[in-house]
Visitor: 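Pasting a structure here, questions to come.
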2 protein chains.
Amino acid sequence: MHTSRSNCDCKWRRRKEARPAEIIDAALDLFVVKGFNATKLDDVARKAGVSKGTVYLYFESKESLFREVVKQIIVPEVEKAEQKAAEFVGSQSELLKLLMVNWWEVVGKTRLGGIPKLMVSEAANFPELAEFYLDKVVSRARNLVVESIKKGVESGEFKACDPVATARLFLAPVVFAVIWDKSLATYDKEDYDRDEYIRMHANNFFDGLLQTK
Amino acid sequence: MHTSRSNCDCKWRRRKEARPAEIIDAALDLFVVKGFNATKLDDVARKAGVSKGTVYLYFESKESLFREVVKQIIVPEVEKAEQKAAEFVGSQSELLKLLMVNWWEVVGKTRLGGIPKLMVSEAANFPELAEFYLDKVVSRARNLVVESIKKGVESGEFKACDPVATARLFLAPVVFAVIWDKSLATYDKEDYDRDEYIRMHANNFFDGLLQTK
DNA sequence: AATTACTAACTGACCAGTCAGTTATTTAAC
DNA sequence: GTTAAATAACTGACTGGTCAGTTAGTAATT
């Protein structure tokens, strides 16, 4: 993935299996930067090394391509995170840090971070997709955090608190940083140290949350 | 403002003075929900109670209307906030709480909250406007917080910390909540108490920041 | 009567989506 | 192993609808 041209440039090839993934890959690059409307299917096709007609062999419309980009790219990441949480052995604060850092590395630092930005931008224009995203991505990710905080409270690792509200406050600065980085940060003169930001947030957060002896 | 039709519906009137503000008002409503590309000038005109031609009497292009919406709507709010901060007498933690609650009431709870969302969505398509927004809104707002934290640290009210990084962490959950509310929250089944969220964030934050005796 | 705010029909560019035709590949026949 | 017919992946020119922007004309105001 992430190569827009085939390895043999002599002439075009018939590559039924590879096309959908390549088209989604190219579309992701354009959608996350320009948004849905400003992305031209001709550009997606060119970037994927095919003609526009080919895009329509594999996707029934621009909108369905958009849906597939969101689904195929981000859902697997949620599944990986769920698996990591399920396999994890250790304290809940360690698990939360792991999930946060992991999400930052995999989503925040890569072009995948464009997906949350994209969903925020386009939610009103694609309500169905917004609901899908909330259901299959947001609420599942949020749930991982809520469950971990609940366990922490039960075991006495964390202070008593509303786990749902606490999860929201835990996630907000991270999600915001990702969205910011993929939009306005590009033009911001005042740069900042992302890893330090994340680290600082984790420290502050657990300072408040951890049961002080 | 915020009325889309004139008070006398018998026939149209010539109202040179009122038109620009009415058009900006209508454009704001549509831009913040649909984004730049998906907003049709015919719809803006209809909402403002004029024809599309009239829009072009007062704005030279769709893009310049977009710029004016952002500039005219949000810059005055920053100025008001700066004034409040300048006039304020009291502790820095009280000032920070005041600024936050005020921003939440004026921007977060109203359709003005659509502007940050809009800027995040369209930054890549309008780099010049993004720079304007960062320069005239974001950095000024951020500065208020940074200066307040600096004063707090100097006076001993706050612990020693990096004021710029701390300001970022202070603002992130609030700005995120605004953006979220104007986008995905509309379709989210799990609702939450906004005021409680803000209050909780303030408490957590000052818990960590205030000098403990 | 002159001025000008305003209208609405118009234009032209752009682009999502289509389709008739082209070419790589597979199958089958010799 | 070579050639030919059949298949299906792929192309790119085309179409029709949409919409930003224009302008000739209308009507409120002075």
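What you see below is based on every heavy atom in this structure, not just the backbone, and it leaves out hydrogens, waters and symmetry mates. Proteins get letters first, then strands, A, B, ... in listed order; numbering begins at 1 in each.
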Visitor: Is B:Arg194 close enough and on-axis enough to B:Tyr192, meaning under 6.0 Å and within 45°, for cation-pi?
Guide: yes

Visitor: Just list the side-chain donor-acceptor pairs under 3.5 Å for residues 130-139 of chain A, sequence neighbours left out, or say none.
Guide:
{"from": "A:Ser139", "atom 1": "OG", "to": "A:Leu134", "atom 2": "O", "distance (Å)": "3.4"}
{"from": "A:Ser139", "atom 1": "OG", "to": "A:Asp135", "atom 2": "O", "distance (Å)": "3.1"}

Visitor: Tell me the interatomic distance from A:Arg19, atom CZ, to D:dA8, atom P, rounded to whole angstroms.
Guide: 17 Å

Visitor: Apply side-chain hydrogen bond (donor to acceptor under 3.5 Å, both in side chains) to A:Arg67 and list each qualifying residue two or more places apart in sequence or on a separate chain.
Guide: none

Visitor: Respond yes when some side-chain nitrogen or oxygen of B:Ser51 is under 4.0 Å from OP1 or OP2 of C:dT7, and no when none is.
Guide: yes

Visitor: Taking atom types as they are modelled, would you say the side chain of A:Arg14 forms a donor-acceptor pair with the base of D:dA9 within the 3.5 Å cutoff?
Guide: no

Visitor: Who passes salt bridge (charged side-chain N to carboxylate O under 4.0 Å, His left out) against B:Asp195, sequence neighbours left out?
Guide: B:Lys109

Visitor: Check the distance between C:dT4's C1' and B:Glu17's CD and give it to me in whole angstrom.
Guide: 13 Å

Visitor: Starting at the 5' end of nucleotides 16-23 of chain D, put B wherever the base has a protein heavy atom under 4.0 Å, S where only the sugar-phosphate does, and a dash everywhere else.
Guide: ---SBBB-

Visitor: What is the distance, to the nearest angstrom, from the CZ atom on A:Arg13 to the C1' atom on D:dA8?
Guide: 17 Å

Visitor: Whole-Å distance between C:dA16 P and A:Leu57 CG?
Guide: 17 Å

Visitor: Rounded to whole angstroms, how far apart are NZ on A:Lys16 and P on D:dA8?
Guide: 9 Å

Visitor: With sugar-phosphate meaning primed atoms plus P, OP1 and OP2, does A:Phe59 contact a base, only sugar-phosphate, or nothing at under 4.0 Å between heavy atoms?
Guide: nothing

Visitor: My understanding is that only residues two or more places apart in sequence, or in another chain, count here; which of them pass side-chain hydrogen bond (donor to acceptor under 3.5 Å, both in side chains) with B:Glu79?
Guide: none

Visitor: Could I get the full list of side-chain hydrogen bond (donor to acceptor under 3.5 Å, both in side chains) partners for A:Glu63, not counting sequence neighbours?
Guide: none

